[in-house]
Amino acid sequence: MTESGLRRRSVLGIPAAGLALAGAAQVGPLAARAVAGAPSIQKPLPPSWYVDFGTNAETRWDSVEPGRYQTSQDRLFVRNHTRTPTIDADAYRLRVFGDGLADAAGISLGLRELRRRFQPVEVTSVHECTGNGRSFFDTQQGQKASGTQWTLGAVGTVTWQGVWLRDVLKAAGLRAAAVSVQAAGLDDDYIDKGVNLGKVRRAFPISKALDDAVLAWGADGEPLLPDHGYPLRLVLPGWVGIGSIKWLGALEVSTTELTSPWNTQWYNIGGPLGVNPVRSAWELPWGAHLRAADEIVLTGRSWSGAAPIARVDVSTDDGATWSPAHLHPSPARGADRGRGRRTAGHGWTRWSHAWRAPAPGEHTLLARATDVHGRTQPDVAAYNPNGYFFDAVVRHPVSVV
Ligand SMILES: Nc1nc2c(c(=O)[nH]1)N[C@H]1C(S)=C(S)[C@@H](COP(=O)(O)O)O[C@H]1N2
Ligand SMILES: [Mo]
């Protein structure tokens, strides 16, 4: 556990289990109000499910249940720039404004109004941090990148409930001249090296807003947890996680391109990052000990921000030989209830591989996925100082005992 993780756990002077129970019973906000210097993350982070990075928490791949497709919120990674705020859903308003609307003063909407006025939609999509896999720049490629040293667990597949952003923008008087939308969160201002950069916010093109962006109040049929954006968040399916602004407070719609430090200083490699790359993970601990057998069935998942996965090739001998993994069918994509034109978003693909009579000793497992657009995973990911988009095939060590 990290130092800040320990601090978080000892804030109330009660053991981790006690705090976790209190959090579960009260769904967080009360605990947050009660504690001066409240923890960044409110939900319980059992060590068997999470690696605790203090303000961030990574899902352990070896805790993912092979039979379960979606990631439930209690197991979903958390990435907070600041800390999870406590928001009163009854008083909550979303502001939509800017010169991209017929009346630049715009509108403000409460939750009840959002639910009443707009067609509900349900979208299943991969939800992933841009920096997922960052630690492998260091451990696999020998060049460390700055930022949270995630392995591959800053990802999940979530079925979101909400409304299409395009419906709300149209109701707000969207003009044909609009080109850009900026979403801003209600969490604390972000302070970087003593400089206040204001609300966590990021701009994205109007094309994404009109395509499949969702204003989500639920996940898996439950209200959002405080840590995941309660009462309302933006979801940009397939895009870099930073695009999916939590605790959404405002949407600015503009006829000129909007920008923020989260477009220029971060989440940018020669331009603001958009669609997430292709990645794969084994549902195994790092350095797993596997009992020798005639056949070991290994499981994993692959995903791409752009398109569903078409094939996954696996190697159990450090890349000397490859064979296709067996792909499992994904549940029917949960989109297009209501007025949606087409299936929006897509989740990851589960796969398995029967490893026949592995010899006792050390082995390296590899998995390389290709999506239906032909995008695949390279042997080496392109280095960048902030460690985004580590998409190389990860070399996963195991020992057969
Ligand atoms: N308001 C706000 N929105 C935010 C963030 C944040 O710190 N504040 N973090 C972003 C980043 S970098 C990621 S990867 C996702 C993580 O969403 P999750 O914590 O629900 O998994 O939220 C994004 N939205
Ligand atoms: Mo992120």
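Sequential numbering from 1 along the given sequence is applied to the chain's residues. Start at 1 and go down the list; that is how both ligands and their atoms are numbered.
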Quick look: Phe77 vs ligand 1, heavy-atom contacts under 4.0 Å, and the answer is both
task = If the plane angle is over 60° it's perpendicular, under 30° parallel, otherwise tilted; pick one for Phe77 and Trp150.
result = perpendicular
Any heavy atom of Tyr267 under 4.0 Å from ligand 1? The part involved is side chain
- Give a yes or no on whether Asn196 atom CG has more than 12 heavy-atom contacts from other residues, nucleotides or ligands under 6.0 Å away. yes
Within 4.0 Å of some non-hydrogen atom of Gly185, the atoms of ligand 1 are 1 (N)
Is it true that Arg311 and Asp371 have a side-chain N and a carboxylate O under 4.0 angstrom from each other? no
With a distance cut-off below 6.0 Å to the six-membered ring centre and an angular limit of 45° from the axis, does Arg279 pair with Trp303 as a cation-pi contact? no
Under 4.0 Å from one or more heavy atoms of Val78, ligand 1 contributes atoms 19 (O)
Worksheet entry | Plane angle bin for Phe136 and Phe390 - parallel if under 30°, tilted between 30 and 60°, otherwise perpendicular | tilted
Under 4.0 Å between heavy atoms, the region of Asn80 that gets near ligand 1 turns out to be backbone
Checklist entry - Does Arg75 make a cation-pi contact with Trp49 (under 6.0 Å, within 45 degrees of the axis)? => result yes
Parallel, tilted or perpendicular: which one describes the rings of Trp286 and His396, with boundaries at 30° and 60°? tilted
For Gly241, the atoms of ligand 1 under 4.0 Å from one of its heavy atoms are 11 (C), 13 (C), 14 (S), 15 (C), 22 (O), 23 (C)
Counting heavy atoms under 4.0 Å, the part of Ser244 that contacts ligand 1 is backbone
Taking only non-hydrogen atoms of Trp247 and a 4.0 Å limit, the atoms of ligand 1 in range are 1 (N), 2 (C), 8 (N)
Atom 4 (C) of ligand 1: closest protein heavy atom, distance to 0.1 Å, is Lys246 N, 3.7 Å
Within-shell test, Arg233 vs ligand 1, heavy atom, strictly < 4.0 Å | yes
If you scan protein heavy atoms around atom 6 (C) of ligand 1, the nearest is His81 ND1, 3.6 Å
Note: heavy atom closest to atom 17 (O) of ligand 1, options Arg79, His127, Arg202, His228, belongs to His127
The atoms of ligand 1 lying under 4.0 Å from a heavy atom of Ile245, numbered in the order shown, are 1 (N), 3 (N), 24 (N)
**OP:** Determine, for Trp217 and Arg115, whether the Lys NZ or Arg CZ falls below 6.0 Å from the six-membered ring centre while staying within 45 degrees of the axis.
**Re:** yes
The protein heavy atom nearest to atom 1 (N) of ligand 1 is Asp187 OD1, 2.9 Å
Per side-chain hydrogen bond (donor to acceptor under 3.5 Å, both in side chains), Thr82 is matched among Asp188, Asp187, Asp189 by Asp187
Between the CZ atom in Arg233 and the NE2 atom in His228, the distance rounded to the nearest 0.5 Å is 8.0 Å
For Cys129, the ligand 1 atoms with a heavy-atom partner under 4.0 Å come out as 14 (S)
